[in-house]
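Proteins come first, then strands; the chains are lettered A, B, ... in the order of their sequence lines, and each starts at number 1.
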Protein chains: 2
Amino acid sequence: MLETRSRILNAAEGLFADRGFSATSVRMITSRAKVNLAAMHYHFGSKDQLIQELFALRLSPLNRQRLALLDRCQAGGGAGEPSLEQILEAFIRPPVQLIRDPERGGMRFMRLLSRAFNSPDGAIREMIYGQFAEVIERFSGALGPRLPHLSREEAFWRFHFMVGAMSHTLHVIADWKNLENLFTDVPEPSQVDEVVDRLVSFLAAGFRTPIPSKEN
Amino acid sequence: MLETRSRILNAAEGLFADRGFSATSVRMITSRAKVNLAAMHYHFGSKDQLIQELFALRLSPLNRQRLALLDRCQAGGGAGEPSLEQILEAFIRPPVQLIRDPERGGMRFMRLLSRAFNSPDGAIREMIYGQFAEVIERFSGALGPRLPHLSREEAFWRFHFMVGAMSHTLHVIADWKNLENLFTDVPEPSQVDEVVDRLVSFLAAGFRTPIPSKEN
DNA sequence: CCTCAAGTGAAACAGTCGTTTTAAACGTAC
DNA sequence: GTACGTTTAAAACGACTGTTTCACTTGAGG
């Protein structure tokens, strides 16, 4: 069939998200895709190249959207730089929207992405970071003028605090089902977009707070 | 030799931290430990039980220390509850100290822990969360009275923002070498304890900020 | 009708996986 | 000295790994 490629990609995305890369065999993928074992090597060459293609396909629209949002709010207001909240939102809203859009991978791809971020395989991590390099550069450049009270070191760490809070939050949203199995007292899945606002105001307050005194 | 068990545990910790669970074979472990293949099954029964034992050994001292710190600052000041900063510090300082103490696993175990947190294997994740259940309960109970301005939902999310920022920060510290390979402009590894202060004040400011308005 | 490339089906490749089994060697304690 | 818990050595188990090979079917262009 003509759709063999996309059926392999689809099955692979689901299995990688559920079981990880090294625990997912080529045979699992091709059998879930109802496709011959050889078809995978015919279309993608190897398991590794299949993984690469999968991420390139999903990640570049996400980061293009982030950069477009940043462009718009930087050019938008006319005079003056964008506010701290506007920058944070341009960073955080696109992945949250992606989570709700099954066409772009939805929760499944987000679980996969958070797996790839912590992958033991250095090659995978390098590829992932490569896909994010431009976004990191642009956003830390945009954040700088909004944080004149911070040293370079302090800004570096707070940027990582933000990345951590965001990626863990995305993981929680995308893995809600598993969370309910593990904890009691989990609130109803609230409107996902609200979480963006919550996260933005939490982080903005953190970024704005003065540097802690060293006498401790 | 009498130390066969600990040599296996030591080799396993290193390999699991570097390559992940499913990509590390029993043969790799026993050959790095310079120990016979059968010795691993003799002492631990199976690969899975070896993993379980490894985490129980490392994780319970960490969480006992957290709870002890919380106890002390709750009973300490006499009148009045502990401050938000004191609670956060009781949560964050123990794992940062662990990172600097090779006897307790140091950076190696921290990399392993952050791998286990995102493991595809449901059994591993369940065990990890089980080890943290009491800590989570105690700390969210202690944080509650310090956050009277927050709804239950808002407190839930901010708690996760904190967990995410902390765990990603620990990962960055423990994986510094890899970070230097991937990014430019990484600051010198500053005094690790300073990071605790930075993180505590960042998070305290986030926790204290009022709930964002919905009109957006 | 013939041809040629794209794609499929099924089998086989050489390894590695976790685990078990057998045998023989240890040091230590009763 | 002999029993016991520990450790080594070496081989084998069946199952599974990523990848390759090759005969086969299919459909479109000349």
S.K.: With no hydrogens and no angle check, do the side chains of A:Arg146 and A:Gln86 hold a donor and an acceptor under 3.5 Å apart?
M.R.: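 Per modelled atom types, A:Arg146 and A:Gln86 side chains form no pair under 3.5 Å.
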S.K.: Roughly, in whole Å, what's the span from CD1 in A:Ile29 to P in D:dC16?
M.R.: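 Atom-to-atom, A:Ile29 to D:dC16, this comes out as 16 Å.
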S.K.: Determine whether B:Arg19 and A:Asp121 satisfy the following criterion, salt bridge (charged side-chain N to carboxylate O under 4.0 Å, His left out), listing intermediate values before the conclusion.
M.R.: CA-CA 7 Å; B:Arg19 323 175 33 100; A:Asp121 187 331; over 6 Å; no
S.K.: Using OP1 and OP2 only, check whether a side-chain N or O of A:Ser25 sits under 4.0 Å from D:dC16.
M.R.: no
S.K.: Counting Watson-Crick and G-U wobble pairs whose two distances are both under 3.5 Å, find the runs of 3 or more in a row that involve DNA chain D.
M.R.: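 Ordered by first number, the stems with DNA chain D (at least 3 consecutive pairs each) read C:1-17 with D:14-30, C:19-22 with D:9-12, C:24-30 with D:1-7.
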S.K.: Between D:dG18, C:dG18, D:dT20, spot the one nearest the side chain of A:Lys47, thanks.
M.R.: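 Within the option list, the nearest is D:dG18.
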S.K.: Within the side chain of A:Lys47, is there an N or O that forms a donor-acceptor pair under 3.5 Å with the backbone of A:Phe21?
M.R.: yes
S.K.: Please evaluate the base of C:dT19 for a donor-acceptor partner in the side chain of B:Arg27 within a cut-off of under 3.5 Å?
M.R.: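 Pair found.
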S.K.: Check the phosphate of C:dT8 against A:His43, side-chain N and O only, distance under 4.0 Å to OP1 or OP2. Yes or no?
M.R.: yes
S.K.: Would you please confirm or rule out a distance under 4.0 Å between OP1 or OP2 of C:dG7 and any side-chain N or O of A:Thr4?
M.R.: no
S.K.: Could you state the CZ-P distance from B:Phe44 to D:dT6, rounded to the nearest angstrom?
M.R.: 12 Å
S.K.: Answer yes if the side chains of A:Asn10 and A:Arg108 hold a donor-acceptor pair under 3.5 Å, and no otherwise.
M.R.: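 A:Arg108 and A:Asn10 do have a side-chain donor-acceptor pair below 3.5 Å.
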S.K.: Remember a base hit wins even if backbone is also touched, and classify B:Thr24 as base, sugar-phosphate or nothing at under 4.0 Å, heavy atoms.
M.R.: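 Sugar-phosphate only.
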S.K.: Please report the distance, rounded to the nearest Å, between CZ in A:Arg7 and P in C:dG7.
M.R.: 15 Å
S.K.: Under 3.5 Å, is there a donor on one side chain and an acceptor on the other for B:Gln65 and B:Arg104?
M.R.: yes
S.K.: Indicate yes or no for a side-chain donor-acceptor contact from B:Arg115 to the backbone of B:Ala17 under 3.5 Å, with no hydrogens or angles considered.
M.R.: yes
S.K.: How many Å lie between CD1 on B:Ile51 and C1' on C:dT19, as a whole number?
M.R.: 15 Å
S.K.: Given atom NZ of B:Lys34 and atom P of D:dT8, what is their separation to the nearest angstrom?
M.R.: 12 Å
S.K.: Find the distance A:Leu37:CG to C:dA11:P and express it as a whole number of Å.
M.R.: 12 Å
S.K.: Could you tell me which non-hydrogen atom of A:Ala90 sits nearest to which non-hydrogen atom of A:Arg66, and how far apart they are?
M.R.: O-CG, 3.6 Å
S.K.: Round to the nearest Å and state the distance from B:Asn36 atom CG to D:dA10 atom C1'.
M.R.: 9 Å
S.K.: Which part of the nucleic acid does A:Met28 contact within heavy-atom distance under 4.0 Å: base, sugar-phosphate only, or nothing?
M.R.: sugar-phosphate
S.K.: Can you find a pair of side-chain heavy atoms, one from A:Leu199 and one from A:Met166, that are under 4.5 Å apart?
M.R.: yes
S.K.: Can you identify which nucleotide, out of D:dT19, D:dT8, D:dT21, has its nearest atom closest to the A:Ser46 side chain?
M.R.: D:dT19
S.K.: Do the non-hydrogen side-chain atoms of A:Thr169 and A:Val96 ever get within less than 4.5 Å of each other?
M.R.: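 Contact flag for A:Thr169/A:Val96 side chains = no.
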S.K.: Report, one pair per line, the protein and nucleotides 23-25 of chain C atoms (nitrogen or oxygen only) whose separation is under 3.5 Å.
M.R.:
none

S.K.: Find the distance B:Phe21:CZ to C:dG18:C1' and express it as a whole number of Å.
M.R.: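 Atom-to-atom, B:Phe21 to C:dG18, this comes out as 17 Å.
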S.K.: Less than 4.0 angstrom between a side-chain N/O of B:Tyr42 and OP1 or OP2 of D:dT6, yes or no?
M.R.: yes
S.K.: From the list C:dT8, D:dG18, C:dA10, which nucleotide is the closest neighbour of the side chain of A:Ala38?
M.R.: C:dA10
S.K.: Distance to the ring centre below 6.0 angstrom and angle to the axis at most 45 degrees; does that hold for B:Arg125 and B:Phe117?
M.R.: no
